[in-house]
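These values consider heavy atoms only, across backbone and side chains, with no hydrogens, waters or symmetry-generated copies. We're numbering straight along the sequence, starting at 1.
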Amino acid sequence: MLSLAQARLMQLAAQGLLQPLRRRPRRDDVVAMIERMRLLQIDTIHVVARSPYLVLHARLGGYPMAWLDEALAQGRLAECWAHEACFVSAADIAWHRGGHDQRMHHWAHRNAARMHREQRADMDTLLAGIRASGPVRAADFARTQGASKPGWWEWKPEKRWLEAWFALGELMVARRDNFQRVYDLAEHVLARLDPPFDDAADALTAAELRHRAIVDSVRALGVTQACWIADYFRLKPKVTDRELAPLLLTGELLAVPVQGWATPGYVHRDHADVLAKAMRGRLRATHTALLSPFDPLVWDRARALAMFDFEYTIECYTPAAKRRYGYFVLPILHRGRLVGRLDAKAHRADGVFEVKALFLEPGVTPDAGLVQALAKVIADTAGWHGTPDIRLERTQPATLMKPLRAALNASR
């Protein structure tokens, strides 16, 4: 039987968060890490760094952010709707594009299909224009005079149509310019993928595609309950122990009891060696990292609570007066535990990394080792942003302020 602590270590190992990278990051590490996680969620909020860059930084350390953009432009990555809007490796995009019925479970595809039914003429005209004139950005279309200010849900019509065609698969993202999508015909993007696009996935049945999503989710999670599997790729209906039973018989998945779980834990056979090490107590967590709110480790809030006893809500969608911790709060991972959260803002023009508040979880003692690790991860993240001037405003507990400030000063 695995202890819960051992199960945590297995999940961290699968996610590339058990130990820090022991060498300088390389360009290929970006694609390799996305293949390891199976996907990398995209989000545009950039109070600190935009989420996909931050997720990779937690695993690779101080890599150049341009490497992610380059991999997309070179066709080594592609964008699609998976968990949400995500980067996936070129090797995986074929099965994400297969299975119309399975994809239509996702809200993005349903909304896009409805939009095409209701605004077919305009959408078809837009698509024909791209076919005739080439790739476009949403910014290439003028906003209608008198329209509302730009915002998350107040896109101009052309932006909505571009996104709908992207969800429906007729358009793909050829590259990003300053993080703005450049849309092109899917056939053009698919033609330059590396490795080449394999259209055999079009012939896969819905059952085969679901099977692929299930086993990829289990592999990415290290060890998981059945009830957490569907969320990874937004599968419907939910995955059950009964559905997984045949995969145990074939040996594709392994079942292991986990202390405190009423249902089995599932492990992909590729992680059999990691499971054996975990059960012998030979996995050690040595990594400290700041996590994006959209990191696969924490995006399923129920799983984060059960695995790490970490109750987490992203509060950027909550009115300021009702926020408990802050707008874009980063969970703090330290040696196998989620020990706190950081409310920060990068002022890039001024070179300032503002730590508005750092909160430790109840029961976490700010000993010298933790203080040094916190100072290092904050300084490393600030330096990676090009905001080396760190301003620490508040800590909880308050007794953390003095030693952390001293450690940050010593790190400069």
_Is it the case that the ring center of Trp299 lies less than 6.0 angstrom away from the ring center of Trp228?_
no
Discussion item. For the aromatic rings, using the six-membered ring if either is Trp, is the centroid distance between Trp95 and Phe233 under 6.0 Å?
Written reply: yes
Working to the nearest 0.5 Å, report the span between [atom1] of [X] and [atom2] of [Y].
{"X": "Leu54", "Y": "Trp384", "atom1": "CG", "atom2": "CH2", "value": "5.5 Å"}
{"X": "Leu40", "Y": "Ile34", "atom1": "CG", "atom2": "CD1", "value": "4.5 Å"}
{"X": "Leu297", "Y": "Tyr312", "atom1": "CG", "atom2": "OH", "value": "11.5 Å"}
{"X": "Ile42", "Y": "Cys86", "atom1": "CD1", "atom2": "SG", "value": "6.5 Å"}
{"X": "Ile214", "Y": "Thr224", "atom1": "CD1", "atom2": "OG1", "value": "11.0 Å"}

The complete set of ring pair (Phe, Tyr, Trp, His ring centres under 6.0 Å) pairs with one or both residues in residues 392-412, sequence neighbours excluded, reads none
Is it true that atom [atom1] of [X] has more than 12 heavy atoms of other residues, nucleotides or ligands lying nearer than 6.0 Å?
{"X": "Lys277", "atom1": "NZ", "value": "no"}
{"X": "Arg337", "atom1": "CZ", "value": "no"}
{"X": "Arg242", "atom1": "CZ", "value": "no"}
{"X": "Arg192", "atom1": "CZ", "value": "yes"}
{"X": "Asp309", "atom1": "CG", "value": "no"}

Could you tell me whether [X] and [Y] make a salt bridge, using a distance below 4.0 angstrom between a side-chain N and a carboxylate O?
{"X": "Asp343", "Y": "Arg323", "result": "no"}
{"X": "Arg282", "Y": "Asp273", "result": "no"}
{"X": "Asp29", "Y": "Arg36", "result": "no"}
{"X": "Arg176", "Y": "Asp69", "result": "no"}
{"X": "Glu315", "Y": "Arg324", "result": "no"}
{"X": "Arg131", "Y": "Glu187", "result": "yes"}
{"X": "Lys159", "Y": "Glu163", "result": "yes"}
{"X": "Arg76", "Y": "Glu70", "result": "no"}
{"X": "Lys376", "Y": "Asp380", "result": "yes"}

Contacts of Gln396 meeting side-chain hydrogen bond (donor to acceptor under 3.5 Å, both in side chains) (sequence neighbours excluded), chain-then-number -> none
With sequence neighbours left out, the residues meeting side-chain hydrogen bond (donor to acceptor under 3.5 Å, both in side chains) with Glu84 are Trp107, Arg234
Quick one: does [X]'s side chain have a donor or acceptor within less than 3.5 Å of a partner on [Y]'s backbone?
{"X": "His83", "Y": "Asp231", "value": "yes"}
{"X": "Gln19", "Y": "Arg284", "value": "yes"}
{"X": "His109", "Y": "Ala167", "value": "yes"}
{"X": "Glu79", "Y": "Val173", "value": "no"}
{"X": "Gln180", "Y": "Arg137", "value": "no"}
{"X": "Lys356", "Y": "Glu393", "value": "no"}

Donor-acceptor contacts under 3.5 Å from residues 118-130 side chains, at least two apart:
residue : atom : partner : partner atom : Å
Gln119  : OE1  : Trp161  : NE1          : 2.7
Asp124  : OD1  : His116  : NE2          : 3.1
Thr125  : OG1  : Ala121  : O            : 2.9

Do Thr387 and His347 pass the side-chain contact (heavy atoms from CB on, under 4.5 Å) test, and can you show the C-alpha distance, the side-chain angles, and the key distance before you say yes or no? CA-CA 7 Å; Thr387 53; His347 301 273; 5.7 Å; no
> Relative to each other, are the rings of Phe328 and Phe294 parallel, tilted or perpendicular (30° and 60° limits)?
Replying inline: tilted
Would you say [X] and [Y] make side-chain contact, with heavy atoms under 4.5 Å?
{"X": "Met1", "Y": "Met279", "answer": "no"}
{"X": "Arg50", "Y": "Asp43", "answer": "no"}
{"X": "Leu305", "Y": "Arg301", "answer": "no"}
{"X": "Leu392", "Y": "Leu408", "answer": "yes"}
{"X": "Asp92", "Y": "Arg38", "answer": "yes"}
{"X": "Tyr266", "Y": "Val223", "answer": "no"}
{"X": "Asp184", "Y": "Leu171", "answer": "no"}
{"X": "Arg303", "Y": "Leu221", "answer": "yes"}

Stepwise, does the side-chain contact (heavy atoms from CB on, under 4.5 Å) test hold for Gln259 with Leu4? CA-CA 6 Å; Gln259 190 173 16; Leu4 184 57; 5.5 Å; no
From the list Val298, Leu12, Val377, side-chain contact (heavy atoms from CB on, under 4.5 Å) with Leu333 holds only for Leu12
Residues at least two apart in sequence or cross-chain that pass ring pair (Phe, Tyr, Trp, His ring centres under 6.0 Å) with His385, listed by chain then number, are Phe353
For residues 357-375, which side-chain N or O atoms pair as donor and acceptor with protein atoms under 3.5 Å away, sequence neighbours left out?
residue : atom : partner : partner atom : Å
Glu361  : OE1  : Arg341  : NH2          : 3.3
Glu361  : OE2  : Arg341  : NE           : 3.2
Glu361  : OE2  : Arg341  : NH2          : 2.8
Asp367  : OD1  : Gly369  : N            : 3.3
Asp367  : OD1  : Leu370  : N            : 2.9

Would you tell me whether [X] and [Y] have side-chain atoms, one donor and one acceptor, within less than 3.5 Å of each other?
{"X": "Tyr232", "Y": "Asp216", "result": "no"}
{"X": "Glu252", "Y": "His268", "result": "no"}
{"X": "Gln74", "Y": "Arg175", "result": "no"}

Closest heavy-atom pair, Pro293 versus Val329, reported as atoms and distance to 0.1 Å, is CG-O, 3.7 Å
On a heavy-atom basis, the closest approach of Ala186 and Gly169 is CB-O, 3.2 Å
Assess the residue pair Leu338 and Leu291 against the criterion (side-chain contact (heavy atoms from CB on, under 4.5 Å)); give the C-alpha distance rounded to whole Å, side-chain angles, the decisive distance to 0.1 Å, and a yes or no. CA-CA 10 Å; Leu338 292 175; Leu291 304 182; 3.9 Å; yes
Worked verdict on Met172 versus Arg97 for side-chain contact (heavy atoms from CB on, under 4.5 Å) = CA-CA 11 Å; Met172 292 183 68; Arg97 289 178 60 82; 3.7 Å; yes
For ring pair (Phe, Tyr, Trp, His ring centres under 6.0 Å), just list the numbers for Phe179 and His46, CA-CA rounded to whole Å, side-chain angles, deciding distance to a tenth of an Å, and then say yes or no.
CA-CA 11 Å; Phe179 211 69; His46 60 290; 8.7 Å; no
